[in-house]
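Here's the structure we're looking at; comments come further down.
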Amino acid sequence: MTLLTVENLEAGYETGQVLFGVDLVVEESELVSLLGRNGAGKTTTLRSVAGAAEPTVLGGEITFGSEQLAGVAPYSIAQRGLSFVPEARRCFPRLTVRENIRLAINHASDPKDLETVLDFFPELSEMREKQARNMSGGEQQMLAIARALAANPQLMLLDEPFEGLAPYIVRRIEDIIAEINDQQGIAVLLVEQNVAAAVAVADRHYILDEGRIVESVSTTQLRENEEMRQRYLGV
Amino acid sequence: IGGDDDGSSDGETMNGGSSLDSISIGMVTSTSGPFAVFGNAAITGAELAIEDLESEYNVEIDLSTDDSQLEPGTGLERARALVTEGDVDFLTGAVSSSVALRLAGWATDNEVTYFPTGSHSDALTGGECGDFVFRPSASNSMLANSISSGMVEASDEWFLMYSDYTWGQTAADAVQGALEAAGNTVVGREAVPFPSDDYAQYVNRAKASGAPAIGVLIAGLDLRKASSQIIASGIQDRTLAMHQLEDFVFWGMDKDAASILDVAGQVWGPAVDGGEDFKQRITEQGEMDPYIRHLLGYISVDQGVRAAVRAESTAAPDMRDALEGHEVSSPIVDMKGGGDMYWREGDHQLVQPTYTVTSRSTDAMADDPHKDWFSVENKFAGDDVTRPVEETGCSL
Amino acid sequence: MSSTLDARTRMQRLLSERSPAALLGALAGVLLLGNAAVQKPGLFIDQAIGGLVYGMILVMISLGLALVLGLMGVVNFAHGALFMLGGYFTYATMASYGLPFWAALLIAPIGVGIVGIVIEVVVLRRLYGKEPIIGLLATFGLTLMIEEAARFVWGASAVQPAKPEFLTGGTDLIVTQVGTYRLFTVAVSTISVAGVYYLITKTDFGLSVRAGVQDGEMTEFVGVNLPLRFTAMFFLGSAIAGLGGALRVVEFGIDPGAAEEFVLLAFVVVVIGGVGSIFGSVLAGLLVGWAQFLVPVVLSALAIVTGVSAINVQGISDIIPFLVMIVVLLIRPRGLFGEEGLLE
Amino acid sequence: MSHANETDEVGHAKSTDRGHDQEPSPIEPAVAPSSAVLGVHEMTRTFGEVLAVDTLSLGIEAGELRAVIGPNGAGKTTLFNCIMGALNPTEGSVYLNGSEITGDAEEQRPHKGMARSFQSNQLFADQTVLENIRLVVQTARQGAFSMDLFRSHYSVGRERAIEIADDVGLTADLDAEAKNLPHGEQRRLGIAMALATDPDVLLLDEPTSGMSPAATAETASLIKEVRDDRGLTVVLIEHDMDVVLSISDRITVLNRGEVIATDSPDAIQGNQAVQDAYLGGMREEI
Amino acid sequence: MSGESTDRATGGLPSMFERYKIPLGLVVLVVALRPLITSEMVLGYNAIASKMLIMMLFVAGFNLLFGYTGLLSFGHAMFLGFGIYIPAILVLNGAWVLPAGGNITFLVGVILALAAVAVYGYLLGTLIVGMGEIYFALLTLAFSQAIYFIVLRNPGELTGGSNGLTQGTLPDFVEQTRGEIAIEAFGLSLDWYWAVAVVFLLGMLALWQIVRSPFGRSLVAVSENEQLARAMGVDTTSYKIWSVTFSGVFSALAGVLLMIQNSGAAIENLSVFTSGDTVLMAVLGGVNYFFGPVVGAFSWLFVEDFLTNFELWQFPLSEVTFVTVDLSDILVYWQFLLGALFVVVVLTAPEEGIWGYIRSVASWLRKRMQQVRA
Ligand SMILES: Nc1ncnc2c1ncn2[C@@H]1O[C@H](COP(=O)(O)OP(=O)(O)OP(=O)(O)O)[C@@H](O)[C@H]1O
Ligand SMILES: Nc1ncnc2c1ncn2[C@@H]1O[C@H](COP(=O)(O)OP(=O)(O)OP(=O)(O)O)[C@@H](O)[C@H]1O
Ligand SMILES: [Mg+2]
Ligand SMILES: [Mg+2]
């Protein structure tokens with residue numbers, strides 16, 4: 001069944017339009033990536049779906065399950081089972097690990113409990129009472145994912161979760177994403193520039209360029225089509 | 001010449017081609033904030049005076065008022081605007097000593113006649129007196145001298161609590177001087193910031209001093225706060241004195257609380273026997289019951305206009321000549337309750353009778369035809385309570 | 001903010017930061033107080049109790065401000081105006097509608113809370129996440145508006161309803177007598193502090209509000225209906241301000257000038273306590289209260305001992321809150337319990 | 001995901017009471033910290049109970065391009081902060097050209113020849129690109145504080161600023177406000193500003209993070225170019241192993257606040273301890 | 001954004017006109033202000049024009065600290081106070097070889113005041129510039145209150161306590177007659193407005209030079225991103241301290257003028273409300289612009305002194321009136337309108353203020369005109 005449908009999405013900022021008709025679909029329990037170079041509009045797409053105040057959605061439709069998301073407040077979208085892990089982690093700096101996760105649990109309709117979540121992240125489990133601002137970038141990234149996971153969503157939007165992470169941790173987090181998707185059946189829409197990581201995790205890939213989806217390919221296709229990678233992703 | 005304010009004799013002069021067919025008066029006083037009730041009362045009084053004067057003389061009198069916001073600088077600015085832009089002939093007004101002193105300084109420098117309507121600070125007719133400044137109200141020392149006999153009788157030891165600005169400071173000095181001159185002791189004195197919302201700590205100190213009597217020289221509406229905290233601390237049975245009582249302040253409290261005052265000095269009040277007609281007119285205005293500020297507004301305008309008429313000029317030096325040493329004979333003498341009133345030459349103080357009052361018992365406090373909560377104990381002739389010119393520090 | 005949880009630990013930490021200078025200062029303080037207590041024992045006790053009572057009143061005045069400042073990051077200058085409105089609403093309820101004091105004590109805070117909601121929805125909502133100064137400026141403007149509106153409705157002079165009969169007069173505390181009404185104020189203030197403290201540190205509501213001030217957008221992404229919560233929070237802060245005004249008007253009356261009179265003092269208390277710490281504000285309120293009552297006694301006692309009468313500075317209590325603030329901030333730049341990075 | 005002791009290797013900082021259970025392999029080569037251009041001697045920095053940097057010594061030679069890698073939370077940024085004076089080390093000392101600078105004020109260090117870029121963008125956001133750079137040039141010329149009141153700022157450092165902007169490829173954006181630049185260009189502006197201090201030693205904290213692969217490659221060559229042209233000494237924190245391996249002379253690997261290896265790129269790739277602690281079996285290709 | 005060379009953002013090299021339009025604007029201002037204010041339409045009086053200039057200088061001095069360095073002082077009245085009180089005290093009492101009332105005494109007093117405020121500003125700055133935003137604001141308030149308290153206590157009978165100094169504070173060269181002030185020097189008589197205008201111009205030009213100098217740009221760097229500035233080698237602490245110092249000196253200069261304008265020293269000029277109004281004026285005008293404080297002070301005083309006295313509003317002019325509206329009832333509550341205006345400014349663009357709006361309207365118009373022409 002189709003979980004998320006984005007149809008002909010147009011969006012932009014005060015400074016100008018950024019998306020010019022994005023179409024994409026995420027099926028239930030699917031792991032899809034959205035690739036594209038800097039400024040292609042990946043973040044803009046995710047933020048539009050999550051209902052952020054900026055960018056302004058100018059046209060098109062976003063359907064989650066059977067509901068239209070246009071004009072719905074972000075918290076209400078979250079409560080319907082869509083978790084968003086934005087760029088730059090955005091952990092609450094003055095809340096502890098426990099409080100960060102607790103918050104998500106308090107406001108989800110069918111949350112996981114704290115211990116289940118922390119089982120995924122032994123390293124966080126050891127620093128429950130540490131405030132997020134005192135954690136390193138990688139630690140914070142884990143916390144951000146843990147927080148999203150705690151809400152037990154149907155769909156998780158991940159915006160460049162590997163940015164600034166050590167290769168080793170990238171692998172950890174790849175595994176975690178795969179595991180979440182695999183065991184819990186949580187669908188994931190993963191935004192990345194790191195094609196290698198995307199390829200390692202996702203089954204299907206959209207390529208975004210200048211605000212339009214220019215390709216929708218399988219992992220194999222992406223692996224094989226060097227020319228496409230070069231053209232849109234510079235790899 | 002013992003001047004004669006009586007309309008009949010001056011009327012002739014007026015018709016005799018005098019240039020004075022209109023007089024314009026500026027009044028800068030507090031019409032906003034906690035002192036607005038004082039300022040507005042003075043304006044009401046001034047308007048009544050104009051009514052009377054216009055019907056008495058063939059002269060058009062015009063009153064412009066502006067708000068001093070209780071700030072000397074603002075007051076000065078407004079006063080200056082009234083003089084330069086509004087072309088007023090002379091100035092009146094101010095409810096507080098700070099504003100009055102500032103206007104007085106400027107008036108002296110700029111040759112403008114000024115009647116500081118509501119200020120009691122001794123400095124105004126003392127160290128900071130001025131050529132063109134004439135105080136229509138009684139000074140702190142006049143009031144202090146008035147109540148000192150009552151205070152001396154009531155207790156040998158006193159504790160003084162006073163508002164910490166010119167008015168309170170000079171009042172405390174005057175009262176202490178009067179008490180000590182009579183051989184009494186002041187066991188402690190406390191300056192209280194003004195305004196202040198917390199009198200508890202000062203009341204505590206008054207209490208701890210052990211003095212059986214307390215002088216509460218607190219200005220304006222703060223007197224209410226101080227009184228209610230005196231009651232809360234349980235020392236209301238000690239003798240309480242206030243040198244310059246304005247009935248209005250106590251009208252805001254319940255009668256029980258208002259009845260704690262034992263000795264008080266007063267320039268004038270509804271309890272004074274005189275000016276019944278005036279009181280009636282104020283009451284009819286419907287806004288407020290009559291009290292001293294109404295009369296002060298009236299006196300300022302009355303004396304200013306009459307001086308100009310006598311001098312046939314509104315130039316400050318001419319008005320000064322018409323005022324210095326002038327024996328007042330206008331209706332204000334009667335309103336004040338009778339007695340000698342004259343403008344003293346050396347310091348420009350309007351020497352006038354003063355009163356001491358005490359609060360009536362709760363059930364004797366009348367509310368009709370106007371509020372009458374105090375009764376007069378004594379009346380003093382101005383000359384008996386005014387300090388000699390040599391002691392004022394004023395050299396005019 | 002979360003560390004308000006373990007106020008005790010923080011207290012210990014504060015006390016454990018001993019330096020020779022601090023020790024010397026403490027010693028000097030004890031000596032001075034001791035001297036005052038010996039010279040004027042009766043007065044000293046009176047003032048100590050009076051200071052405590054007054055301090056709790058300050059806490060009441062500052063609590064709403066501390067809440068809104070520490071948790072929402074809004075420097076709410078209009079706190080004083082809301083406080084003033086609380087007074088007027090009480091007056092209106094009692095004098096104009098003839099309702100009893102108790103009813104006013106309930107109605108006025110709710111009324112002020114509703115005004116707070118309007119302010120939050122119309123103005124403050126647009127300012128979250130911006131520099132704190134901007135909030136200060138906007139609420140400065142609001143203060144002018146509210147003040148002027150009050151002047152329009154109730155006039156420029158002070159108004160005061162009658163104190164409830166059984167709260168007039170004083171209560172004998174054996175060593176001293178304190179106004180019964182003041183004791184009542186202290187009780188209300190204590191209950192409010194305890195309630196607020198519990199709400200913020202122990203409840204889920206408190207958690208989501210704390211998260212909201214750190215990163216509002218993310219809080220919404222997590223599923224929190226933040227606008228509603230912030231509005232609720234501001235309602236609470238305003239209602240507490242209104243309660244403070246309600247308590248005050250009965251004792252002292254209220255006039256439009258009160259809007260600016262108290263807000264500065266409230267800021268001073270909050271800053272001494274350290275922005276973000278409710279516990280700090282409470283302590284700071286008491287500290288200022290005590291300082292205001294005891295410093296003059298200490299000085300006059302010292303003047304007696306040394307024979308230098310100039311030490312007994314007249315009228316010093318007005319400036320004491322500011323002096324306390326200068327001393328505290330020079331020693332601890334973020335106040336007693338302020339947190340690094342919060343509102344700096 | 002089958003590593004011997006999983007939690008340790010994730011590389012969050014360890015707590016103070018932990019013993020040294022891991023033998024540091026190839027240690028810092030024989031450059032005494034005090035004789036190198038930039039030397040760090042037994043530096044320790046703690047945050048409460050957390051040991052972010054643990055008795056760490058480092059010697060960077062003149063002209064070297066040194067990469068510092070390590071897991072998140074290894075203490076890389078903290079190390080930079082301590083070197084630049086943004087943080088005070090709990091213990092240990094920092095040397096520049098043989099003289100100790102540990103206690104010097106942060107703002108003095110750029111004037112001694114050190115400069116840094118930040119992990120997250122730090123700019124004078126409302127100012128134009130030109131003015132951002134010009135301000136730094138001005139500061140570099142006039143010292144940390146100068147009461148230069150009698151001329152117009154146009155006459156100080158404009159040309160130099162334009163040159164530097166040209167060097168990093170920002171010429172087209174000179175009049176744009178910094179906050180309106182795209183992310184990648186903002187990072188480049190950060191580098192330009194560091195260069196504008198005219199440093200001998202340049203510390204870059206993840207200069208390519210958030211850049212597209214193309215821009216990353218450009219930046220990498222820019223760094224190398226600058227080093228070669230100006231004879232700079234560069235210390236580079238980077239997670240992008242392509243960049244690290246392609247441009248650095250030597251690589252220092254940090255783990256839990258300690259140096260676990262310093263060696264050439266090739267040797268580091270073959271180092272088992274590094275593999276375990278950081279690289280964790282890097283993917284060679286897509 | 002990047003037109004005026006001393007607004008906070010600065011771009012490319014502007015033309016000569018662009019570069020010197022601020023001095024030009026200042027001259028136009030002083031020449032036009034009084035005729036404008038005292039014209040039939042506005043019905044102002046002379047003294048208000050000079051007061052406006054004084055307050056403009058004061059607020060501009062304040063804005064050097066707030067707008068350009070990013071430090072909000074909530075106690076700026078204390079600096080004003082130095083300029084008011086020190087010359088007044090000296091003139092009133094004389095000192096040593098200086099006779100009371102002498103012109104030289106006054107000049108010495110002015111120099112002393114500026115020097116004292118510089119030393120005080122420097123020391124105060126050293127003590128508190130390291131504090132966080134709100135802490136800094138409250139500490140300046142606290143120190144200002146402390147000074148207020150000292151003056152109120154009337155130490156040595158010098159300050160006149162709550163009365164201020166009301167008589168004898170003016171030097172001999174100041175002449176007053178029924179509210180008009182003139183400066184009599186070297187056989188010439190200069191109207192007070194023009195005397196103020198000269199000092200105002202000199203002061204504002206000095207301020208302008210400061211903000212356009214390399215020193216001034218460093219201040220801006222400090223306010224925009226202190227952490228970065230320090231990392232780039234800017235001694236942010238010293239710049240802040242000197243900014244406090246300079247700001248204090250300019251404010252004190254305004255204080256000297258205010259003392260003569262008010263013929264004495266009033267303690268309310270030291271009060272927290274003066275400080276608060278200063279902040280309001282700056283923000284109202286626009287803190288990011290050199291002319292912001294000028295516009296802010298003007299609008300504030302205009303509203304305060306004119307609207308309160310405006311009884312009838314006639315449009316278009318009194319001779320040919322079509323509409324007459326009695327505004328007196330509403331304008332009593334002018335502060336409400338002012339508050340509302342303030343809220344609107346802060347909500348829409350706090351850094352822009354009225355001047356920012358005027359500028360954006362002007363540039364919009366310019367664009368439109370170009371479009372029309374094209
Ligand atoms: N808040 C904003 N205001 C104005 N323009 C914006 C804003 N955020 C992004 N943009 C612009 O929108 C375009 C798309 O940005 P977006 O962040 O969606 O790209 P992205 O694909 O996520 O890039 P990256 O890989 O760098 O994160 C870019 O040109 C960017 O400059
Ligand atoms: N201000 C701070 N307070 C407390 N702990 C801190 C602080 N800054 C850093 N730490 C801790 O110190 C350790 C090292 O952090 P640092 O930022 O130096 O890591 P890093 O190597 O730069 O990591 P990353 O690659 O993720 O940026 C981490 O465990 C972090 O949680
Ligand atoms: Mg993005
Ligand atoms: Mg780092």
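Since this is a predicted model, take the numbers as computed values, not measurements.
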Next on the checklist: For the residue pair C:R248 and C:Y88, would you count it as a cation-pi contact if the rule is NZ or CZ under 6.0 angstrom from the ring centre and within 45 degrees of the ring axis?
Outcome noted: no
Item to check | Engaged part of B:Q236 at the chain C interface, taking heavy atoms whose separation is under 4.5 Å | outcome: neither
Next on the checklist: Looking at B:H370, is its backbone amide N or carbonyl O close enough to the side chain of B:D368 to form a donor-acceptor pair, meaning the two atoms are under 3.5 Å apart?
Outcome noted: no
Item to check | Pick from B:A257, B:G234, B:A36 with the largest number of heavy-atom pairs that fall under 4.5 Å of chain C | outcome: B:G234
Next on the checklist: At a 4.5 Å cut-off on heavy atoms, which part of C:Y181 comes close to chain B: side chain, backbone, both, or neither?
Outcome noted: neither
Next on the checklist: For B:D247, is there an ion pair with B:R293 - N to carboxylate O distance below 4.0 angstrom?
Outcome noted: no
Item to check | Side-chain donor-acceptor contact under 3.5 Å, B:W167 with B:Q244 | outcome: yes
Item to check | Portion of B:Y202 that has a non-hydrogen atom of chain C nearer than 4.5 angstrom | outcome: side chain
Checklist entry - Is the shortest heavy-atom distance from the side chain of B:H243 to the side chain of B:N140 under 4.5 Å? => result yes
Item to check | Segment of B:D164 engaging chain C (4.5 angstrom heavy-atom cut-off) | outcome: side chain
Checklist entry - Checking C:F293 against chain B: side chain, backbone, both or neither under 4.5 Å from a heavy atom? => result both
Checklist entry - Does any non-hydrogen side-chain atom of C:T190 lie less than 4.5 Å from one of C:M56? => result yes
Checklist outcome for this item: Bottom line for B:Y162: the part with an atom under 4.5 Å from chain C's heavy atoms is side chain
Checklist entry - Between B:V203, B:D222, B:D198, B:I231, which shows the greatest number of heavy-atom pairs under 4.5 Å with chain C? => result B:D198
